[in-house]
Amino acid sequence: MKLSEIELRIIHLPLVRPFRTSFGTQTSREVLMVKVQNENGITGWAECVAMSDPLYSPEYIAGCLDLMKRFLIPGLKSKINISAEDVSVILKPFLGGQMAKASLETAILDAELRSRNISLATYLGATKNKVECGVSVGIADNLEALAEEVKSYVDAGYRRIKLKIEPGWDIEAVKHIRDLYPEIPLQVDANQAYSRDDAKHLSKLDEFNLLLIEQPLDEHDFLGHALLAKEVKTPICLDESIISVQSAEDAIALKATSIINVKPGRVGGYIESVKIHDLCLKNSIPVWCGGMLETGIGRAANLALAALPGFTLPGDTSASARYFKQDITVPFVMENGYLNVPTGPGIGVEPDMEFLDEITTYKEIIE
Ligand code: NPG
């Protein structure tokens, strides 16, 4: 495909409720959107999952925008004909930047699949037409507020609850929710908030029958996670540490993880995500699809990925209403705890352009 134009825009959407994690509180979501157009006028959309600040990952929106404009887009422009499967190879000389790279690859893939009339789900190898939904619950002001929020999600039909934890908000919070819901699939996410010395403390979570503890230690600490895995019975699941199929291979070989959270933005795109999925399937490592407070554009693509056979645990693929009063696509509405996998060509959804223009704070078109 020949690229004729790339549009970069930043939009700003308020969240329906503040979202507090061990690294900060978010009340709104700024999103860097990528739109590509080919020589026949067919467009492809993607969102870059980087946040405004480099707190979850070293990547952040202004940095991604700069990286794309200065290096990645000129790199792509040097090729006359381009296929999504070439993007990671062309961009390999530029180190890092997985989130920025993933968004360019996904937008190109969307346009390519639209022109071939194939859905992303079919292209990736999906075997399900609906996906079981979990929800990620932020750190609350107190146990009552936490219970109230969890109840609203359980009532809405969510099939798995993930609690954000940090030192000082962990054992008691988990106990409180486990006592209220003895049967519900429950897991926790620390976003790197603990240290190697916390093994004894974290093993207190073992009595609550959790599915997993996500990313308790620093993203670079594979050895620490492997040592921790020997001390706690609850399975360790890596998120931030997994940035490529190679890091997944290392983590599995070192026994630093027994479950993997696959986030396409974090690993450089959907094509790399499928490689991680395949590796995990071969090694009997369950995977699930993480979330980055995506709009409907990112969510549509995540649902296609989460429909692959190795995604055996519910992901952070929640309904639009969990995040935004108004989504930028048709809203994703949960039915009985499931979201349908889009079936249209490409990612299967488009943004509502009028609404998108209304919430756009920056826009640039690169010919
Ligand atoms: O439902 O999209 C969602 C949010 C899921 O908890 C979630 N994401 O660490 O996995 C994470 C976390 C996150 C939140 C990451 C905010 C980055 C920013």
Side-chain angles (χ1 to χ4, degrees), residues 13 15-32 47-61 64 98-99 102 131-140 146 149-150 152-153 156 158-166 169 173 186-194 211-219 236-243 257 259-267 273 287-303 305-306 313-324 327-328 331-332 334 337 339:
L13 272 170
L15 292 173
V16 288
R17 58 181 359 141
F19 186 53
R20 178 168 158 210
T21 61
S22 61
F23 56 81
T25 303
Q26 245 183 292
T27 54
S28 65
R29 179 69 163 110
E30 205 184 8
V31 194
L32 171 55
E47 70 182 86
C48 175
V49 298
M51 300 286 161
S52 307
D53 306 316
L55 299 174
Y56 164 85
S57 144
E59 289 187 80
Y60 60 101
I61 289 181
C64 288
Q98 279 86 349
M99 294 177 177
V131 164
E132 210 178 357
C133 299
V135 64
S136 174
V137 186
I139 294 165
L146 176 72
E149 186 174 343
V150 169
S152 73
Y153 294 135
Y158 282 102
R159 295 177 162 257
R160 175 280 267 155
I161 300 292
K162 158 167 142 179
L163 301 180
K164 290 287 187 181
I165 57 166
E166 65 181 5
W169 180 265
L186 189 62
Q187 64 192 54
V188 293
D189 183 4
N191 289 111
Q192 316 183 50
Y194 295 87
L211 289 169
L212 56 93
I213 305 176
E214 186 179 351
Q215 198 69 43
L217 310 181
D218 185 90
E219 61 178 339
I236 305 290
C237 168
L238 291 182
D239 170 13
E240 286 94 316
S241 300
I242 308 299
I243 54 163
T257 197
I259 297 174
I260 287 181
N261 168 348
V262 183
K263 278 187 191 156
R266 206 195 51 227
V267 304
S273 297
V287 296
W288 56 280
C289 184
M292 292 289 287
L293 306 171
E294 284 94 346
T295 70
I297 292 291
R299 190 160 318 287
N302 281 349
L303 288 169
L305 180 72
L313 293 170
D316 287 338
T317 45
S318 309
S320 297
R322 145 77 180 85
Y323 311 95
F324 314 111
D327 207 332
I328 63 168
F332 282 85
M334 208 167 52
L339 282 180

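In this chain, residues are counted from 1 in sequence order. Whatever order the structure lists them in is the order used to number ligands and atoms, beginning at 1.
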Notebook entry, point to check: Any cation-pi pair here, Arg322 with Phe19, using under 6.0 Å and within 45°?
Noted result: yes
Check: Has Arg160 got its NZ or CZ under 6.0 Å from the middle of the six-membered ring of Trp288, at an angle within 45 degrees of the ring axis?
Finding: yes
Expected rows: ligand 1 N/O, protein N/O, dist below 3.5 Å:
from: ligand 1; atom 1: 1 (O); to: Tyr323; atom 2: OH; distance (Å): 2.6
from: ligand 1; atom 1: 2 (O); to: Met292; atom 2: N; distance (Å): 3.2
from: ligand 1; atom 1: 2 (O); to: Leu293; atom 2: N; distance (Å): 2.7
from: ligand 1; atom 1: 2 (O); to: Tyr323; atom 2: OH; distance (Å): 3.4
from: ligand 1; atom 1: 6 (O); to: Ser136; atom 2: OG; distance (Å): 2.6
from: ligand 1; atom 1: 6 (O); to: Lys164; atom 2: NZ; distance (Å): 3.1
from: ligand 1; atom 1: 8 (N); to: Gly291; atom 2: O; distance (Å): 3.0
from: ligand 1; atom 1: 9 (O); to: Lys164; atom 2: NZ; distance (Å): 3.1
from: ligand 1; atom 1: 9 (O); to: Asp189; atom 2: OD2; distance (Å): 3.4
from: ligand 1; atom 1: 9 (O); to: Asn191; atom 2: ND2; distance (Å): 2.7
from: ligand 1; atom 1: 10 (O); to: Lys162; atom 2: NZ; distance (Å): 3.3
from: ligand 1; atom 1: 10 (O); to: Lys263; atom 2: NZ; distance (Å): 2.8

Item checked: For Phe332 against Ser320, the heavy-atom pair lying closest together -> N-OG, 2.8 Å
Margin query: Please find the pair of heavy atoms, one from Ala102 and one from Gly265, that lie closest to each other, and give the distance.
Written below: CB-CA, 3.9 Å
Checklist line | CD1 on Ile243 to CD on Glu240, rounded to 0.5 Å | finding: 12.0 Å
Item checked: side-chain hydrogen bond (donor to acceptor under 3.5 Å, both in side chains) involving Glu214 - partner list, sequence neighbours excluded -> Lys162, Asn261
